[in-house]
2 protein chains.
Amino acid sequence: MSSGDDDQLVRFADMLSAMGTEPRLRIIRRLLAAHPNGMVVGEIGADLDIAPSTLSHHLEKLRNEGLATVRREGAFLRYAANHDALQELLAFLYAECCTRNKVVKPETVTCC
Amino acid sequence: MSSGDDDQLVRFADMLSAMGTEPRLRIIRRLLAAHPNGMVVGEIGADLDIAPSTLSHHLEKLRNEGLATVRREGAFLRYAANHDALQELLAFLYAECCTRNKVVKPETVTCC
DNA sequence: TCGGTAATTCTGCATATATCGAAATAGTGG
DNA sequence: CCACTATTTCGATATATGCAGAATTACCGA
């Protein structure tokens, strides 16, 4: 169980790292704003002015860390923010940050 | 104001990045568990088994991004998690993640 | 099947980060 | 002032990341 906790911690660290870059945080924010419809890659790129290959790498990272999901829509790929992953991450942060201080119970965090 | 928003976003990205590494997330978690007393550097290092110079770099990063504070205590340096910064970050994430979906109001986030 | 558009993968480069031993600095107690 | 401990800074290396032009693959409509 200790190693399970470790795995979780590493996973959350990876998620935080994936969000910890200006372009990617901007992408996530944009996807959240467009939720639940999501956005097509070209639309994101045009909106945030990111070169296609660069954008592709960023989206790949977000996908890999489970922060975004894709589905093909004909010639387009539509990306959406992943709900569940974000909720897990926020719940983790709240648990670590709040439960131990007994300020707010994580149960009140029913979000996303 | 748009550039102010940008600055904020960049700042949050930096904070997320600072947490987005296994050793540092572990450090933060440890500091939160020890809150509000904080911990002395050597104590953290012994606890998490991190080489002094490596640890020093990680702590510097956490300090720089405002996630941790230090104060000298004789020969020791005592680090503590920074409350306000973490709360700001969580509030930001909740705002982005929740307000736009109108699932939970960020006002309910009165944590840390 | 062909031409056009969408998106990714390949390639290369520049920069940033993680790591840690060794040396330097800050502080304490005798 | 000196020996001792705590922590940081220095130096060096390995690895990861960000970026973007060019080539490639995937899909659509005709």
Side-chain angles (χ1 to χ4, degrees), chain A residues 6 9-31 34 37-81, chain B residues 6 9-31 34 37-81:
Chain A
D6 280 12
L9 187 127
V10 171
R11 201 180 131 244
F12 287 131
D14 288 342
M15 288 172 66
L16 290 166
S17 170
M19 293 197 290
T21 232
E22 189 194 341
R24 283 199 297 266
L25 188 52
R26 216 179 276 284
I27 290 169
I28 295 218
R29 168 204 249 180
R30 196 66 194 74
L31 288 178
N37 302 315
M39 290 172 80
V40 156
V41 176
E43 204 179 347
I44 304 172
D47 216 58
L48 303 181
D49 195 35
I50 302 175
S53 68
T54 304
L55 179 57
S56 187
H57 286 304
H58 286 313
L59 291 172
E60 184 190 22
K61 178 123 195 168
L62 294 177
R63 236 188 302 126
N64 284 339
E65 305 309 337
L67 292 169
T69 58
V70 217
R71 73 167 199 275
R72 188 167 276 282
E73 233 173 50
F76 304 86
L77 290 176
R78 180 170 296 269
Y79 278 78
Chain B
D6 280 11
L9 186 127
V10 170
R11 201 180 132 245
F12 287 131
D14 289 342
M15 290 171 67
L16 290 167
S17 170
M19 293 198 287
T21 234
E22 189 193 341
R24 284 199 297 265
L25 187 52
R26 215 180 278 284
I27 291 169
I28 294 217
R29 168 205 248 179
R30 195 68 194 73
L31 288 178
N37 303 315
M39 290 172 81
V40 156
V41 177
E43 205 179 344
I44 303 171
D47 215 58
L48 303 182
D49 194 37
I50 303 175
S53 67
T54 305
L55 178 57
S56 187
H57 286 304
H58 285 315
L59 290 173
E60 184 191 20
K61 179 122 195 170
L62 294 177
R63 235 189 302 127
N64 283 339
E65 304 309 336
L67 291 169
T69 58
V70 218
R71 74 166 199 275
R72 187 168 277 281
E73 230 172 53
F76 304 85
L77 289 177
R78 180 171 294 270
Y79 279 78

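Owing to the predicted nature of the structure, the values given are computational and were not obtained by experimental measurement. A, B, ... follow the sequence lines: proteins, then strands. Residue 1 opens every chain.
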Asker: Is any side-chain heavy atom of A:E43 closer than 4.5 Å to a side-chain heavy atom of A:F76?
Answerer: no

Asker: Of A:H58 and A:E73, whose closest DNA chain D nucleotide lies nearer the 5' terminus?
Answerer: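 This one resolves to A:H58.
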
Asker: Quick check: do A:R26 and B:D6 have side-chain heavy atoms less than 4.5 Å from each other?
Answerer: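 Side chain of A:R26 against side chain of B:D6, heavy atoms only: contact under 4.5 Å found.
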
Asker: Under the salt bridge (Lys or Arg N to Asp or Glu O under 4.0 Å) rule, collect the residues that match up with B:R30, sequence neighbours excluded.
Answerer: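 B:D47.
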
Asker: Could you tell me whether the side chain of A:R24 and the main chain of A:H58 form a donor-acceptor pair under 3.5 Å?
Answerer: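 Not confirmed, A:R24 side chain does not pair with A:H58 backbone.
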
Asker: Pick the nucleotide of DNA chain C nearest each of B:I50 and A:T54; which residue has the one closer to the 5' end?
Answerer: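 Comparing both residues, the 5'-ward one is A:T54.
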
Asker: Taking the side chain as every heavy atom from C-beta outward, state whether A:R29 and A:L25 have any atom pair closer than 4.5 Å.
Answerer: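 The answer is no, as the side chains (C-beta and beyond) never meet within the 4.5 Å cut-off.
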
Asker: A:V41 versus A:L55: any side-chain heavy-atom pair under 4.5 Å?
Answerer: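 Sidechains of A:L55 and A:V41: in contact.
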
Asker: Would you check if B:N64 and B:D14 make a side-chain contact, meaning some heavy-atom pair closer than 4.5 Å?
Answerer: no

Asker: What is the separation between atom CG on A:D14 and atom P on D:dA16, rounded to the nearest whole Å?
Answerer: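 In whole Å, D:dA16 P lies 12 Å from A:D14 CG.
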
Asker: Report yes if the side chains of B:L77 and B:L59 come closer than 4.5 Å at any heavy-atom pair, otherwise no.
Answerer: no

Asker: Heavy atoms of chain A, cut-off under 4.0 Å: which first and last nucleotide of DNA chain C, 5' to 3', fall inside that, if you could look?
Answerer: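 For DNA chain C, the relevant span reads C:dA6 to C:dC10.
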
Asker: Polar atom pairs between nucleotides 5-8 of chain D and protein, under 3.5 Å, N or O only, would you list them?
Answerer:
from  : atom 1 : to    : atom 2 : distance (Å)
D:dT7 : OP1    : B:V41 : N      : 3.4
D:dT7 : OP1    : B:L77 : N      : 3.2
D:dT7 : OP2    : B:G42 : N      : 2.7
D:dT8 : OP1    : B:Y79 : OH     : 2.8
D:dT8 : OP2    : B:S56 : OG     : 3.1
D:dT8 : O5'    : B:S56 : OG     : 3.2

